[in-house]
Structure formats: structure tokens, C-alpha cells
Amino acid sequence: EAEEREEFDVAVVGGGPAGSTAATLIARRGHRVALLERERFPRYQIGESLLPATVHGVCRLLGVSDDIEAAGFQVKRGGSFRWGTGPEPWNFLFALSPQLSGPTSYAYQVDRMTFDDILLKNAARHGVDVREESTALEAVRGPDRVSGVRYTGPDGAAREISARYVLDASGGSGRLSRAVGGERTYSEFFRNLAVFGYFEGGGRLPGPDRGNILCAAFDKGWLWYIPLSDTLTSVGAVLHRDQAARIQADREGALRDAIDRCDIVREFLSGATRVTEGTYGEVRVRKDYSYANTRFWAPGMALIGDAACFIDPVFSTGVHLATYGGLLAARSVNGVLSGDLDEARAFGEFEARYRREYAVFYEFLSAFYDMDQREDSYFWKARKVTGSENLTSMEAFTTLVGGAFSGERALVDASAVSERFSASSAQLADAVARTGPAQTHSGERMNNLFGAPVVSEVMQEMNSIQRRGVTGPGTGEAPLIDGGLVPSADGLGWAEPDA
Ligand code: FAD
């Protein structure tokens, strides 16, 4: 059959944050990029709570900061947690203190329909050929590499794009990722199910914490409470996967039951009504299992965002990892297309940095779950790390996803935390150490974690992405990976470190 075939330098599949980020940053270097998106935007997505590195770093590199600012999203200064041993919520602030608000010490809570649409339109504005209602079917393989993608357009006709690179940013449920080989490995430790909906008129935390995400543990799991505007709140319960059948049978009842079991959220919602119409009217269920693919790239193709890996939502890392992965992949593609780098070196850097970031957050979240220890709870017992077989499976998984932590965890002296961090990268660590659970056993584990050099480096990396966004190109960065590369002066490629 005669099929329409076009040529591009790069085909990106998926118009979420990962795909829009990669496509825009490659187009900014003058390459021809097609982006295929199955839906017509704006479309719904969960994942509303962002981190500063996305807002101030990646969004500025994308040239989309003004649009983001103009959208009027709820400002988020940090997270509040009813978690661990004490009954009072404690704060995890992006700044050292709420009074000390630096230029990048906040993020946003976003309605993803609007946020993702802004990013996608911005990609088009930068020259990306954005094709909505276009579904990728499979990767096309040449003799020794992926060489394009087959898809159907809005008219249902099959088409093909030939490209030097295909980036799979199609999220967690696609099959395209299989084309890189390897397999998807799931963590035994995080196997949860989330049920979520939207409320009008819910209460707010006081003062500067008003825009924070609130995460509140209760006997059967934990709830998120995300203020999306002055009146609209996203509320979701993360529950044990064993309850899947019960939850699916009565989503509203399951969400209501979780809220009723959690004092602080129940009180906040006592005068609120659940939205029952429009996009926000549905109570939805999602698995939030954590996984990583054993391979992130193969010649001609790379995976970014949920297509590559996903971690539990408690610390709002999904969009950060998606946009970070998009940035790293764009640098590698740009480096190869400009003839500066060979593929293995460029994508080796992509994968090493990406896995490292993932592994650190993974470990961090495991420690975080470990803080809430309720002996009588099935949910929490299954997530207790110390002295249980979970440790083995968790370590095995962490080693698999990057090995960033093997051997590091035990080496660290908690009292050295503040010395190990530069003032800027100490923001997160210090906030936790001071306001929260530092006195408890699990607080110690958090402190140990923050003191580990690799965590410090990941936070420095987040800071350097932010700094680049705010102050423009930086120079003189050291490689993150031994023998590795550093970002080029424009931030859109890789360079050899200064000798
Ligand atoms: P997506 O946003 O999923 O985008 C993928 C796009 O690809 C979609 O638009 C889809 O239509 C398109 N697509 C799929 N298949 C095809 C195809 N074959 N052809 C063409 N297009 C295709 N993250 C946070 O940062 N903060 C949070 O608070 C947070 N909370 C979460 C809560 C839950 C319960 C869950 C499950 C996740 C949460 N996340 C959160 C994670 C976040 O949702 C994801 O990590 C993020 O959306 C990943 O972005 P992405 O660009 O990789 O994929």
C-alpha cells in the first residue's frame, strides 16, 4: 500500500511535559521536529504539584516563563505533611524560611490541562510540527537502529515519519517503549493505587503555607490535598493495591471513606462539595506503581518521562523527572545531530544522569514512607523498610535503577549535613531537618539521606538547572558522572569538561 512518508530530524511521541520539553529544546537548535499527540489538547492529566526546577529552570529554557506566570497558577512554597509520629503537620519549604523568599524558592500547583497546553503551544511556536489526534503505532526499524515511527492521523490513515531519532514520551501505558529492548521492572516496595477527585470550597492551611501541597497519612494509606485555586482542591487517596476491586466497584465511596479516616483532610472538606460535572466531575483511579525500564535508549531511540520510569507521587517528582529527562535527551540528540558527539557517549550521559536522579528520589521516598510506622496497619507495615524483606527488594531495585546509593547510605554522619551542603542546595535539607521529624528514628534516616554526597549532588543539579534558567548560561560546571560530559554554554547540548 502507498503510505505517505515524511522526513524529520526527530519524531517525538507524546505531548505531555516530557515530549514538549524535548521537542522544544531540539527545535531551538534549528532541527526539524515532529510531535505526535494522540489527544486533542487541552486534555486532562493527573500530576498537579510541581517542583521549582521545572518552573524556574526548564520553563525558562523553554522560553515559556511569561505564559506560565500569566496563567495565574496557585503559588506553592513547599509541602506540608501530617506524616510520621507527631499529630501536627510539619513543613518542607523550598526556601530556608517563608520570610526568605529567593527568586526560585517556589513552584506552582497547576491544572494540567492548562499547563500541558501552554507547553505544547510553546513547542509549536518554536517551530515544532505538532500533530494532535495522531497516534503512534510502532517504531520503524532500519537494519541496526530505529529509523522512524508509524502513526495514524486524524483521518485514520496510516503514515510514516523517518527520523534520525524517535523519542518516546507517550507516558506510562504505551507499548512503544518496547522498541528500545529490555523490560520494565516494577518496585515491590511501592505498589499503590490512587483514587482522586475535586472539591469546591475546601479549607486552606494558614498564611504562607496556603498554597502548599498537604500530604496526610492515615491508617489505610495517605491523602494528597492540592489547592489548585482559591476554591478548587484536588484530593486523592493512595491506598494498598489489594483494595483495587473494592475501589473500582465504588470509587466515590472509597475516596469518601479515606477522607473520613483522615482528621485533617476531613475537617478541611467539612464545608466543601465534590465537583460532579465537567472534566473535574469524575472520580478517577490510577495505579501508581513505581517502575523503571532496564534500558532508556537504543540506537535511534530514547525513552523520557513516564515512558522511561515513574516513582510514587508523594514528593511531586513526576513532572520534574519528565522535564529533566526531556532536557537530557534533547542535549544528547542535539549533540549527535550537530556532529559534536558520538551516540553512545551522548546517550550514555543521558541515561546515567537520568537514572541517578531517579535512584536518589526513589531512595528518598522510601525513607519518607519509612517515617510513618503504624504497627497495626497493613498499608504501612508493607512499606516499613527497616528489618524487613522490603529492604532487600528495595535495594535490589535501587541498584538496578542506578546504583547511586549502594554503599553510600551507611557512610554518612548526620551531624555533617549542613557542612556538606552549599547554602543554596541546603534549602530542602535544612527545612526538613529543622521543622520536622529530625528527632525521630526516621528523621535520622532522612538526615542521613540528605547528608549523602549523591543526594547533595542531585540537589545541586536541580539548583544548577534553576540557576541556568534564571541567570542564563553557566560555565565551569564539573561533570556529574565520572568521565562524563557537562552542559554546553547554551544549556541545549553537551560539552567536554574543561581540562
Ligand atoms: P504524560 O503527561 O502522560 O503525557 C503523555 C502523552 O502522550 C499524553 O498526552 C498521551 O495522550 C500521549 N500518548 C500516549 N500514547 C500515545 C501514542 N501512542 N501516540 C501519540 N501520543 C500518545 N507528578 C508531579 O509532578 N506532581 C504530582 O503531584 C503528581 N501526582 C501524581 C499522582 C498520581 C496518582 C499519579 C499516578 C501520578 C502523579 N504524578 C505527579 C506523575 C505525573 O502524572 C507524570 O509523571 C507526568 O504526567 C509524566 O509526564 P509525561 O510527559 O511523561 O507523560
Side-chain angles (χ1 to χ4, degrees), residues 11-23 34-55 58 76 79 107-113 115-117 119-120 123 130-139 149-154 161 166-177 179 190 192-197 212-215 221-226 228 234-239 284-291 303-326 329 358 361:
V12 176
V13 180
S20 290
T21 297
L35 185 151
L36 306 173
E37 166 55 53
R38 186 177 57 194
E39 311 281 330
R40 175 149 297 276
F41 273 35
R43 60 90 179 88
Y44 177 85
Q45 178 59 292
I46 191 63
E48 296 147 332
S49 199
L50 304 187
L51 294 181
T54 302
V55 171
V58 175
K76 168 191 177 185
Y108 292 116
Q109 316 284 17
V110 300
D111 129 40
R112 286 283 303 273
M113 283 177 281
F115 181 76
D116 289 18
D117 197 43
L119 260 48
L120 191 65
V130 173
R131 301 183 181 181
E132 295 174 71
E133 294 175 70
S134 297
T135 304
L137 304 173
E138 60 181 355
V149 63
R150 278 165 48 82
Y151 75 102
T152 50
I161 288 177
V166 174
L167 298 181
D168 178 12
S170 64
S173 55
R175 289 154 168 260
L176 206 68
S177 60
F190 297 112
N192 303 325
L193 204 82
V195 54
F196 45 98
N212 288 7
I213 182 175
L214 168 68
C215 295
W222 62 273
L223 279 151
W224 75 71
Y225 190 91
I226 301 176
L228 290 177
S234 165
V235 181
V238 174
L239 302 164
R284 294 176 166 89
V285 170
R286 280 272 301 270
K287 287 192 291 193
D288 70 23
Y289 295 1
S290 299
Y291 57 80
L303 314 179
I304 51 179
D306 284 3
C309 55
F310 176 75
I311 328 183
D312 184 273
V314 72
F315 248 86
S316 315
T317 44
V319 174
H320 163 65
L321 281 169
T323 53
Y324 184 59
Y358 181 85
F361 280 121

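For reference, positions follow the sequence shown, starting with 1. Bear in mind that the values here come from a model prediction, so they are computed numbers and not experimental data. Counting starts at 1 for both ligands and their atoms, in listed order.
When hydrogens are left out, the protein atom nearest atom 21 (N) of ligand 1 is R38 N, 3.0 Å; that is the closest non-hydrogen contact. Scanning all protein heavy atoms for the shortest distance to atom 41 (C) of ligand 1 gives F310 CE1, 3.4 Å. Protein heavy atom in closest approach to atom 44 (C) of ligand 1: D306 OD2, 3.2 Å. The shortest contact between atom 36 (C) of ligand 1 and any protein heavy atom is with R286 NH2, 3.6 Å. The shortest contact between atom 17 (C) of ligand 1 and any protein heavy atom is with A136 N, 3.7 Å.
Not close to ligand 1: S20, with no non-hydrogen atom less than 4.0 angstrom away. Ligand 1 is never approached by G236 to a heavy-atom distance shorter than 4.0 Å. Judged by the shortest distance from any of its heavy atoms, R112 lies inside the 4.0 Å radius around the atoms of ligand 1. Heavy atoms of Y151 stay at 4.0 angstrom or farther from ligand 1. Taking 4.0 Å as the cut-off, G174 does not count as a neighbour of ligand 1 on heavy-atom distance.
For ligand 1, the atoms lying closer than 4.0 Å to a non-hydrogen atom of G171 are 3 (O), 5 (C), 53 (O). Within the listing of ligand 1, atoms 52 (O) sit less than 4.0 angstrom from a heavy atom of G305. When each atom of ligand 1 is checked for a heavy atom of R43 under 4.0 Å away, the hits are 2 (O), 4 (O), 8 (C), 9 (O).
Some N or O of Q45 is nearer than 3.5 Å to an N or O of ligand 1, by distance alone. For F41, no nitrogen or oxygen atom sits less than 3.5 Å from a nitrogen or oxygen atom of ligand 1, counting backbone and side chain alike. Between A18 and ligand 1, a contact under 3.5 Å exists for at least one N or O pair. Considering backbone and side-chain atoms alike, S49 places an N or O below 3.5 Å from some N or O of ligand 1. Backbone and side-chain nitrogen or oxygen atoms of A307 are examined, and none is located within less than 3.5 angstrom of a nitrogen or oxygen of ligand 1.
With hydrogens and angles ignored, the 3.5 Å screen pairs a side-chain donor or acceptor of E37 with a backbone N or O of E39. Remark: the backbone N or O of V238 is not paired with any side-chain donor or acceptor of N192 at under 3.5 angstrom. Proximity of a side-chain donor or acceptor of T54 to a complementary backbone N or O of P52 within less than 3.5 Å is not detected. Between the R112 side chain and the E48 main chain, no donor and acceptor come within less than 3.5 Å of each other.
Y291 approaches D306 most closely through the heavy-atom pair OH-O, 2.7 Å.
The cationic atom of R284 (NZ for Lys, CZ for Arg) lies less than 6.0 Å from the six-membered ring centre of Y44 and within 45° of the ring axis.
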